[in-house]
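Shown next, in structure tokens, is the structure this report addresses.
The structure displayed is predicted, hence computed values, not measured ones. Order of the sequence lines sets the chain letters (A, B, ...), proteins ahead of strands, with each chain counted from 1.
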Amino acid sequence: MAAKTAITPTRAQDYPEWYQQVIAEAGMAENSSVRGCMVIKPWGYALWENMQRVLDRMFKDTGHQNAYFPLFIPMSYLEKEAKHVEGFAKECAVVTHHRLEPDGEGGLRPAGPLEEPLIVRPTSETIIGATYAKWVRSYRDLPILINQWANVVRWEMRTRLFLRTAEFLWQEGHTVHATADEAMAETRQMLDVYATFAEEYMAMPVVKGEKTPGERFPGAVMTLSIEAMMQDGKALQAGTSHFLGQNFSRAQEIKFQDQNGEVAYAWTTSWGVSTRLIGALIMTHSDDDGLVLPPKLAPTHAVILPIYRDESQRAEVLAYCEALKADLKKQMYDDGAVRVDIDDRDLRGGEKKWYHVKRGVPLRIEVGPKDIANNSVFVGRRDTNESQGIGRDDLVAKIVGLLDEIQTNLFNRALALRTSRTQEIANEAEFRKYFAGNPGFAICWFSSEEEVQPLLDELKVTIRCMPIESAGGEGVCFLTGKPTSQRAIFAKAY
RNA sequence: CGGGGUGUAGCGCAGUCUGGCUAGCGCAUCUGGUUUGGGACCAGAGGGUCGUAGGUUCGAAUCCUAUCACCCCGACCA
């Protein structure tokens, strides 16, 4: 008999549907009445706020400041960088009017056409670059290290909650430097920041690598990304950091006088992560009972579930829970106090328990009259779904260690999955066989993107990145047999 | 934009082919009761312009016309 799972279908039965159900059951987000746009509900938004808080601190620790630029971008700005236009034009929302008037049939119609249409930012390189052009005069004005937290709009054909929505929240860093080396160092530094965040906070192992020309950000000279493996073996790009060279500074006239008095174009970078990270988190850790959150990002670390039969017990149990909560909150975990809630809603015990299981709360602490008599509590771990009794004071002393253990366990579990589903592939026959099955990451030598592209299109496989760690060396292209120094991860992707 | 499909209660659906009592069912919600260390049970209740507009008919969720929206598969993509 199969155990009953909180989520139907299970991952094995229907992975995409399972994903949607996890989000719905955890109360993270839902589709809105606006096509392709989601409503992020409190539990999902609290998670995003925790991600923001940690990332924001990391950005500031690396010398960046926050600022804010307009939502609207004059259409002509986008036209300045040819490849950039090509990449984004098809998915731009365009504002053409600034006023509504009655249409005579009880409705409204746009009036007051704009002289120049505005686009809703799909990314802000152009508007920020235009601003930087005014700010930069001398080498003394550099570097500019700015990040903005914002929403952007990309009119996608097909959307999925968190993974691809028409509007999403993100941060975009935009920096300007005097030299190529400095800009490249910045590009790499921010990739490292993302990788550290993914691995240490999201407990999600990632591969740092360089994108092939075909997968680059439109207008970039080099795009670096972190790639993660989801539980179905597909890859998800979780963050990107772009070295833009002088492409944007030439298009937008970001020029400065150097120490020798000569005018030079600046070197720029941009880097971003989005609410897509929430999708990555869900697909990395969650199980057939719903969401599983890494403690460092969980809005609630532990929830106390009081158990009682009647009013007289209620008062006693709640008093005990309040005292326990107060003691737990004195414990420091990561960058703050342990986050504890008491769920005293008028619901049945089982219902309440499963509510928190589905929301991924790392620890459930059940407290009933019997436990109080023994001065012990019953603790359930979300990552292993094991529960056991533990002395009340013992829990207070050990809760931080327990949270650390869960965090580590989640990372190790995800890493083990990735390792078990990563394989070197040496020739076309193997490659075809691998991707006809239940694939993960295939590591292959390849001679050129152009030469392998037809096969990739046929098999619906993409080149994720050329891993930085394993760069160097010589091999033989899996398809053409030509000698090559390029090696990449190939995978099906989101 | 090409191909396919669907619009009926908060959610999921039946009914439409073959027009006919007051439009049903499950879940959810509310009330009362019995329960309570685990997603309860019994009884009752509330909730609908059948996507929209027009037409045919004694009578339309059902037939006809138009229209809108959404979903799936492509193309596109953080």
Separation of B/C30 P from A/Asp346 CG (nearest whole Å): 10 Å
Spacing between A/Trp354 atom CH2 and B/A40 atom P, to the nearest angstrom: 12 Å
First of A/Glu215 and A/Leu347 reached from the 5' end of RNA chain B, by closest nucleotide: A/Leu347
Among B/G39, B/G37, B/C76, the nucleotide that comes nearest once only the side chain of A/Lys370 is considered: B/G37
Parallel, tilted or perpendicular: rings of A/Phe431 and A/Phe435 (30°, 60°): tilted
Sugar-phosphate, base or nothing in reach of A/Ala238, heavy atoms under 4.0 Å: nothing
Name of the residue among A/Arg53, A/Lys60, A/Gln52 meeting side-chain hydrogen bond (donor to acceptor under 3.5 Å, both in side chains) with A/Asp56: A/Lys60
Length of the CD-P vector between A/Glu458 and B/G74, whole Å: 15 Å
Nearest-Å distance once atom P is located in both B/U52 and B/G7: 13 Å
Watson-Crick or G-U wobble mate for B/C1, both contacts under 3.5 Å: B/G74
C1' gap between B/G54 and B/C13, integer Å: 29 Å
Touch class at under 4.0 angstrom, heavy-atom based, for A/Tyr494 against every strand present: nothing
Span that lies between the C1' atom of B/A75 and that of B/G3, in whole angstrom: 12 Å
Sugar-phosphate only, base, or nothing, as touched by A/Ser387 at under 4.0 Å among non-hydrogen atoms: nothing
Distance test, side-chain N/O of A/Arg348 to OP1/OP2 of B/A40, below 4.0 Å: yes
A/Phe378, nearest nucleotide to its side chain (from B/A78, B/G37, B/G39): B/G37
Partner nucleotide, any strand, of B/A69 [Watson-Crick/G-U, under 3.5 Å]: B/U6
A/Trp155 CH2 to B/A78 P, straight-line distance once rounded to whole Å: 18 Å
Rounded C1' spacing from B/G48 to B/A23 in Å: 9 Å
Sugar-phosphate only, base, or nothing, as touched by A/Glu351 at under 4.0 Å among non-hydrogen atoms: sugar-phosphate
Between B/G37 (P) and A/Gln313 (CD): distance, integer Å: 12 Å
Donor-acceptor pair, side chain of A/Trp271 and main chain of A/His174, under 3.5 angstrom: no
Base paired to B/G24 (Watson-Crick or G-U; both N/O distances under 3.5 angstrom): B/C13
Whole-Å gap separating C1' (B/G39) and CZ (A/Arg345): 13 Å
Audit row: A/Lys296, A/Glu200, salt bridge (charged side-chain N to carboxylate O under 4.0 Å, His left out) steps and yes/no: CA-CA 8 Å; A/Lys296 283 191 184 177; A/Glu200 291 184 9; 5.1 Å; no
Under-4.0 Å side-chain N/O to phosphate OP1/OP2 contact, A/Lys358 with B/G39: no
Pairwise P distance, B/G47 and B/A60 [rounded to whole Å]: 24 Å
Protein-nucleotide distance (A/Glu25, atom CD; B/C27, atom P), rounded to Å: 16 Å
A/Asn31 CG to B/G10 P, straight-line distance once rounded to whole Å: 18 Å
Aromatic plane relationship, A/Tyr194 with A/Phe59 - under 30° parallel, 30 to 60° tilted, over 60° perpendicular: perpendicular
Pairing nucleotide - B/U34, Watson-Crick or G-U, each distance under 3.5 Å: B/A40
Touch class at under 4.0 angstrom, heavy-atom based, for A/Ser274 against every strand present: base
Pairing partner (Watson-Crick or G-U wobble, both distances under 3.5 angstrom) of B/G19: none
Separation of the C1' atoms in B/G32 and B/G39, to the nearest angstrom: 23 Å
First encountered from the 5' end of RNA chain B, between A/Thr275 and A/Lys353: A/Lys353
Between A/Gln189 and A/Glu186: side-chain donor-acceptor atoms closer than 3.5 Å: yes
Sugar-phosphate, base or nothing in reach of A/Leu236, heavy atoms under 4.0 Å: nothing
Pair A/Arg11 + A/Asp288, salt bridge at N-O below 4.0 Å: yes
Partner nucleotide of B/U57 by Watson-Crick or wobble geometry (both distances under 3.5 Å): none
Rounded distance in Å between the P positions of B/U22 and B/U67: 34 Å
Identity of whatever pairs with B/A45 - Watson-Crick or G-U, under 3.5 angstrom: B/U29
Polar contact flag, side-chain donor to acceptor under 3.5 angstrom, A/Tyr308-A/Asp344: yes
Between B/G33 and B/G19 - C1' atom distance, rounded Å: 45 Å
